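The structure presented is a predicted model; accordingly, all values stated were derived computationally and were not measured.
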Amino acid sequence: MRRLFWLFGVAMLALSALGPLAAAPAAAADPSLDPAMVALWNQTDAPVANGSVDRSWLWGPQANHVLSEPYTYSALPNNQRQVAYFDKSRMEINDPSGNPDDVWYVTNGRLVYEMMTGEVQVGQDPDIYNAVLPAAIPVAGDPGSYITPTYQTLGRLMGGSPNHTGDLVTATLDASGTVGQDLTPPANVYNAHAESYPDGWHNIPDVFWTYLTQQISPLVSPANWVFVTGFPLTEPYWTQAMVGGTQTDVLVQCFERRCLTYTPTNHDPYKVEMGNVGQHYYAWRYEHWQTSCSSTPTRGFGQLWTSNSDVRSQLGCPAYQSTQQQIATAYETFQNGMMVWIDVQDVYNPLHTVLVLYNDGTFARYNDTWTDDQPVNDPNITAPNGLFQPVRGFGKVWRETPGVRDRLGWATNPEQGSSGAYQRFDYGTMIQLDTPNEIYVFYGDLYWQSSGTWKSFYNQFAG
């Protein structure tokens, strides 16, 4: 945290060297906006507003909301600080008694980190925060763009990776959080820079690196670009977004303070833009903030959901009118995963389906189309000694679906019937198998999504 503050100070020092301030255009002249915030806006976005530079906004044309927010800090009267929400970010003043010319006077909020984790910092000490549900808001495109990953989804992808400097960016991400590869991406974008972390690297593509270090100069340089974005939290991913009602390919990468997007079909110099993080955060905090759920899960689901903050924040609340229900199940283990059959007798959302769970943490869902008048297995297939060919619905999916047999391998045990439980959540599904005594968490609504990621947990409920 101190490293971030130091780099922020370096960046603000660069701001103070930019020379006399231009007069603020009327768009930024909110009478309640602190003069230091106006000055910062002048040094960054006034050139965009008056047409002297041609690039996308760093903050936005005006402050949309100027208000006080609770923030525990001895320098603040009544522990309230002034904040200003712009389209792209939030300005903050944590010590109004300080020197407005000081490099620490106006700071830039870590809004993306908070929306991805649900940890809303409400004090100068980073350990002072409110734990809420992460933001189920698409990171790019039109509001409610159902084909686009949300901040909540991206929160599951935080962490380091190998250094891919110089490599073509081919990673893809869908709305469910499933990561894939497209070897012929919508545009040839290459990783140009990598930041080192204890758990690995985060790679920054050339289109974003050029934007941060050249196109919004002199505010930003290779030495102080972190002022604008903070450090990267995710890798860059190609995804889909609805833009003006049209499905569009977009490259997205989220940092602590901003999300950057690259849209190849946009005209220069608007291919790279800051995401509307300030708009999203304000909507999340003041319109959609969930600090509690109208209902909570019970029994084994409830024990896991209550005790595991990662599961709780990633699944969200139980879906509307969804309660735990008993279901018929079956399962079979394979060399590289397992298959689970579920029969959910739900009036609105019935499921008669085969779930293929791979050891790499991904799953795929297939409708169970096997019937009693179809072959139980293929007599021409002979399993190696000690292994098995799956039968019935498992066998049909294993034999007839391209790629499943190759990825799963042979069954290591015969299929076993079981009973279990099922419940839908805002961002996923829980399934319990009585035998084995496990709870499977699927990050995706199984009724709507055909693939995603999964984890298993031992069912500790003894009731």
Side-chain angles (χ1 to χ4, degrees), residues 1 3-4 6-8 10-11 14 55-56 58 108 110 112-113 116-117 139-140 149 151 153-174 177-241 249-266 268-275 277 360-362 453:
M1 182 61 68
R3 183 188 180 206
L4 295 182
W6 180 84
L7 283 165
F8 183 85
V10 171
R55 62 162 169 82
S56 53
L58 184 63
N108 183 16
R110 296 176 74 212
V112 176
Y113 176 83
M116 287 172 60
T117 63
V139 298
Y151 293 95
T153 301
L154 283 165
R156 303 202 301 264
L157 301 174
M158 293 170 59
S161 72
N163 187 331
H164 289 302
T165 300
D167 292 349
L168 183 70
V169 178
T170 59
T172 62
L173 183 66
D174 66 17
T178 301
V179 176
Q181 294 290 325
D182 182 357
L183 300 182
T184 58
N188 289 333
V189 175
Y190 294 86
N191 288 308
H193 178 77
E195 283 289 310
S196 177
Y197 292 87
D199 60 350
W201 298 80
H202 275 306
N203 301 277
I204 302 176
D206 50 14
V207 290
F208 295 156
W209 188 241
T210 299
Y211 176 77
L212 289 174
T213 60
Q214 297 177 29
Q215 293 178 343
I216 49 178
S217 265
L219 170 64
V220 187
S221 72
N224 59 28
W225 58 271
V226 73
F227 160 70
V228 175
T229 61
F231 290 106
L233 297 176
T234 71
E235 290 299 287
Y237 296 104
W238 288 105
T239 190
Q240 297 268 299
D249 292 310
V250 179
L251 183 69
V252 173
Q253 184 168 25
C254 284
F255 298 69
E256 292 173 298
R257 308 177 191 280
R258 313 286 184 113
C259 288
L260 290 179
T261 64
Y262 171 73
T263 309
T265 54
N266 280 2
D268 283 325
Y270 302 103
K271 293 182 184 290
V272 176
E273 298 176 286
M274 296 287 178
V277 165
D360 64 1
T362 62
T453 58

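- Side chains of F208 and L251 form a contact here, defined as non-hydrogen atoms less than 4.5 Å apart.
- Between H193 and the choices Y211, W209, W201, the ring pair (Phe, Tyr, Trp, His ring centres under 6.0 Å) rule is met once, by W209.
- Take N266 and apply the side-chain contact (heavy atoms from CB on, under 4.5 Å) test, not counting sequence neighbours, and it matches T263, K271, E273.
- With contacts defined as side-chain heavy-atom distances shorter than 4.5 Å, the pair Q240/D249 qualifies.
- When the side-chain contact (heavy atoms from CB on, under 4.5 Å) test is applied to A187, the partners found at least two apart in sequence or on another chain are V189, W238, Y262, P264.
- In terms of modelled atom types and a separation under 3.5 Å, the side chain of N108 and the main chain of V228 share a donor-acceptor contact.
- Considering only heavy atoms from C-beta on, T229 stays 4.5 Å or farther from E256 through its side chain.
- In this structure, S56 contributes its side chain and V272 its backbone to a donor-acceptor pair below 3.5 Å.
- Counting all heavy atoms, side chain and backbone alike, N191 lies closest to V169 at OD1-CG2, 3.6 Å.
- Residues forming a side-chain contact (heavy atoms from CB on, under 4.5 Å) with T234 (at least two apart in sequence, or on another chain): M116, L154, Y237, Q253, C254.
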| L260/L212 under side-chain contact (heavy atoms from CB on, under 4.5 Å): CA gap, chis, key distance, verdict | CA-CA 10 Å; L260 290 179; L212 289 174; 4.1 Å; yes
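- The two residues Y151 and C259 make their nearest non-hydrogen contact at CE2-SG, 3.8 Å.
- Shown here are the side-chain hydrogen bond (donor to acceptor under 3.5 Å, both in side chains) partners of T153, two or more places apart in sequence or in another chain: T150.
- Legend: residues meeting side-chain contact (heavy atoms from CB on, under 4.5 Å) with D199, ordered by chain and number and at least two apart, are Y197.
- In terms of modelled atom types and a separation under 3.5 Å, the side chain of T239 and the main chain of L173 share a donor-acceptor contact.
- Here the shortest heavy-atom pairing between P149 and D174 reads CG-O, 3.5 Å.
- Side-chain polar atoms of T184 and D182 form a donor-acceptor pair below 3.5 angstrom.
- For E235, the side-chain hydrogen bond (donor to acceptor under 3.5 Å, both in side chains) test picks out S161, H202, N203, with sequence neighbours left out.
- Atom CD of E195 and atom CG of N163 lie 10.5 Å apart (nearest 0.5 Å).
- Pairing each heavy atom of L157 with each of G177, the nearest pair is CD2-O, 4.5 Å.
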